[in-house]
Amino acid sequence: MLLVNQIRENYIGVLEGLQKRNFPNAETVLKQALELDDLRKSTQTQRDQIQAESNSISKQIGMLMKEGKKEEAEQAKNRTAEIKVQIKELEEQNSTAEEELKALLYTIPNVPHSSVPAGKSAEDNEVVLEHGTIPELHADKQPHWELIKKYDIIDFDLGVKITGAGFPVYKGKGARLQRALINFFLDEALAAGFTEVQPPILVNEDSGYGTGQLPDKEGQMYFATADNLYLIPTAEVPITNLYRDVILSEEDLPIRNVGYTPCFRREAGSWGAHVRGLNRLHQFDKVEIVQITHPDKSYEALESMSAYVQSLLQKLELPYRVLRLCGGDMGFTSALTYDMEVFSAAQERWLEVSSVSNFETYQTNRLKLRFKGSDKKTQLAHSLNGSALALPRIVAAILENNQTPDGIKMPKVLQPYLGFDKI
RNA sequence: AGAGGAGUGGCAGAGUGGUCGAUUGCGGCGGUCUUGAAAACCGUUGUACCGCGAGGUACCGGGGGUUCGAAUCCCUCCUCCUCUGCCA
């Protein structure tokens with residue numbers, strides 16, 4: 001969430017940023033936040049003063065009791081009765097103001113970076129670059145949802161039987177392709193200097209709030225009611241929360257982690273014509289990279305993460321493009337997001353396979369993720385993450401783009417992992 | 001899952017109702033001494049909020065309560081340890 005001081009000190013900048021996102025009633029909301037903060041401060045000042053008085057009376061009573069002056073002590077007690085009532089009242093006002101402020105701040109999205117284009121929807125995203133050539137396929141080309149049946153490598157019906165729609169079963173070479181991609185992505189990340197972590201895939205409520213899935217996207221996560229745990233929608237949640245309530249030292253930065261996890265998304269109400277087959281699932285696999293950086297270095301880190309993700313796509317020989325998301329299409333918590341899309345030659349459309357974002361202090365403020373610099377001051381770090389990569393659409397693109405009448409060719413880099421070169 | 005025990009500052013570990021943000025040791029930082037280092041000695045050593053400042057308030061696993069006053073008493077939740085049970 002935004003810092004109140006950020007709103008106070010850079011009111012115009014924050015306001016303009018929110019307008020770039022088409023955030024409704026930005027001005028009203030920001031003013032309300034400042035008012036609630038003022039109320040929070042003034043009630044705390046009063047409360048603290050009265051509390052100080054109460055504390056000193058209590059000390060006096062202690063002294064009097066020790067000296068055996070019981071009557072005087074009793075008198076002093078009478079005075080505290082009144083104070084107690086006042087403290088309780090002020091305390092309530094203070095905590096109400098604080099809670100309302102927090103609730104309000106939760107509803108305000110991050111302020112976009114200056115380079116983020118204005119815009120309302122995906123159509124206004126800026127194409128930063130395109131890479132690779134779109135393959136010319138034979139006349140009988142098929143979309144991946146036909147190919148997986150033809151070669152019997154991914155079975156949606158079987159998934160329906162044991163779980164439900166959107167939970168495919170990978171079989172034979174399909175399963176091996178999944179495993180090869182996961183290992184390839186992890187090995188590449190290790191070579192690029194990331195540290196591998198294997199986090200839990202169920203998280204508690206605090207973690208959900210820490211990275212911003214709660215309260216914003218509550219309905220999108222599966223929830224284990226008996227234990228109050230959420231199934232993670234992305235490894236970003238557990239990996240970033242590793243550093244919740246942590247004060248790092250400056251030399252620990254940057255922290256660069258990579259993790260593979262399955263991801264679970266309810267995707268309530270988001271099914272439509274373009275989400276057949278692997279395009280949208282309730283459970284899918286993803287390798288995620290997460291960085292915690294010094295505030296001065298986060299955009300540098302973002303560029304390097306973008307370059308890293310592109311290197312994966314290049315090695316997989318997939319044609320891709322990079323988008324800079326516009327204000328209206330960007331995620332709630334992000335300040336700048338690059339989407340990587342691969343071209344799916346049978347569907348003849350671009351598929352998002354990665355999203356690389358800088359959250360600046362939006363997450364770290366919630367997480368209380370700080371670092372202590374050489375000046376011994378603690379300040380919020382910046383957090384970033386990106387998919388590197390999400391499997392299903394990569395699989396879709398590999399299957400579709402590499403199909404031939406004699407089978408589906410596997411990218412060279414995967415062959416050592418696969419143990420075969422063709423499906 | 002049941003029974004018992006325990007959770008205190010970076011770590012170890014005192015403190016069982018009042019002057020305790022908390023004895024002490026280790027570690028860290030600064031200094032004295034030294035050519036330098038070690039040792040010794042001296043000093044210092046958390047976080048957040050409020051306040052222009054002096055300073056104040058809060059925090060002893062989390063939350064709630066009793067009391068003029070809680071690290072200390074009560075309730076509740078969480079976590080860890082031991083034993084029993086179950087189990088990959």
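Just so it is clear: chains get the letters A, B, ... in the order the sequence lines come, proteins before strands, and each one is counted from 1.
- Note: CD (A:E91) to P (B:rC49) measures 18 Å, nearest angstrom.
- When the C1' atom of B:rU79 is taken as reference, atom CG of A:D206 falls 14 Å away, rounded to whole Å.
- Residue A:S58 places its side chain closer to B:rC68 than to any other of B:rC68, B:rA58, B:rG46.
- For the residue pair A:H282/A:Y222, the side-chain donor-acceptor check at 3.5 Å is satisfied.
- Aromatic rings of A:Y230 and A:F264 (six-membered ring for Trp) have centroids beyond the 6.0 Å cut-off, not under it.
- Atom CD in A:Q49 sits roughly 16 Å away from atom C1' in B:rA58 (whole-Å rounding).
- OP1 or OP2 of B:rA48 has at least one side-chain nitrogen or oxygen of A:R370 nearer than 4.0 Å.
- Nearest-nucleotide assignment on RNA chain B puts the 5′-proximal partner with A:K88, out of A:K88 and A:A81.
- Separating the CD atom of A:Q44 from the P atom of B:rC49 is a distance of 9 Å, rounded to the nearest angstrom.
- Look at A:N55 and you'll find a side-chain N or O under 4.0 angstrom from OP1 or OP2 of B:rU57.
- Residue A:R40 has its side chain nearest to B:rC50 when only B:rC50, B:rG46, B:rG18 are considered.
- A sub-4.0 Å separation between OP1 or OP2 of B:rG28 and a side-chain N or O of A:S249 is absent.
- In this model, a donor atom of one side chain and an acceptor atom of the other lie less than 3.5 Å apart for A:N204 and A:S207.
- The nucleotide whose nearest atom lies closest to any side-chain atom of A:T378 is, among B:rG51, B:rC68, B:rA48, B:rA48.
- Annotation: cation-pi geometry satisfied between A:K173 and A:F420 (NZ/CZ under 6.0 angstrom from ring centroid, within 45° of ring axis).
- Whole-Å rounding puts the A:I83 CD1 to B:rG56 P distance at 17 Å.
- Checked against B:rU67, B:rG51, B:rU57, the side chain of A:D48 finds its nearest nucleotide in B:rU57.
- Atom P of nucleotide B:rC59 and atom CG of A:D245 are separated by 18 Å, given to the nearest angstrom.
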